[in-house]
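No hydrogens, no waters, no symmetry mates; every other heavy atom, side chains included, goes into these values.
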Amino acid sequence: WCAIAALLLVGYFLHYSRTGRALYTAGGNATAAYYTGINAGKMQFVSFCLSGALAGFCGYLWISRFAVAYVDVANGFELQVVAACVIGG
């Protein structure tokens, strides 16, 4: 349920907030974003911060599910992660 709530919250943020629309614009065409007055470097920083926050939330959900945080807990998931990155673009 937490992941669904996070998905809805991020979707709402990206579609209905000014910063979210600027993220779309800067990600789609940085030159056009520059001409409209959007700082593409700042939007890149914001996107990395959001990505890091969501990765941290994912780690929190992982620990809450398995109640352990060892280094080798996800051993063997490397190929699945690479496949997800390739498919996701």
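Counting non-hydrogen atoms of other residues, nucleotides and ligands closer than 6.0 Å to OH of Tyr60 gives a total of 12 or fewer.
The structure places OG of Ser47 at 13.0 Å from NZ of Lys42, a figure rounded to the nearest 0.5 Å.
Glu78 contributes a side-chain N or O that, together with a main-chain N or O of Gly76, makes up a donor-acceptor pair within less than 3.5 Å. Listed for the Ser64 side chain is a donor-acceptor partner under 3.5 Å among the backbone atoms of Leu61. Distance alone, capped at 3.5 Å, is enough to place a donor-acceptor pair between the Thr36 side chain and the Ala33 backbone.
Inter-residue side-chain proximity for Leu23 and Leu50 is flagged as met; some heavy-atom pair is nearer than 4.5 Å. Under the 4.5 Å side-chain criterion, counting only non-hydrogen atoms from C-beta, Cys2 is in contact with Phe57.
Hydrophobic clustering of Ile, Leu, Val, Met, Phe, Trp and Tyr side chains at less than 4.5 Å, counting indirect connections, unites Val46 with Leu54. Taking hydrophobic clusters as Ile, Leu, Val, Met, Phe, Trp and Tyr residues chained together by side-chain heavy-atom distances below 4.5 Å, Trp1 shares a cluster with Leu8. There is a path of hydrophobic side-chain contacts, each under 4.5 Å, that joins Met43 to Val10.
Using the six-membered ring where Trp is involved, His15 and Tyr24 have ring planes that are tilted, between 30° and 60° apart.
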Before giving the answer on side-chain contact (heavy atoms from CB on, under 4.5 Å), spell out for Thr19 and Phe13 the whole-Å C-alpha distance, their side-chain angles and the decisive distance to 0.1 Å. CA-CA 8 Å; Thr19 307; Phe13 170 74; 3.9 Å; yes
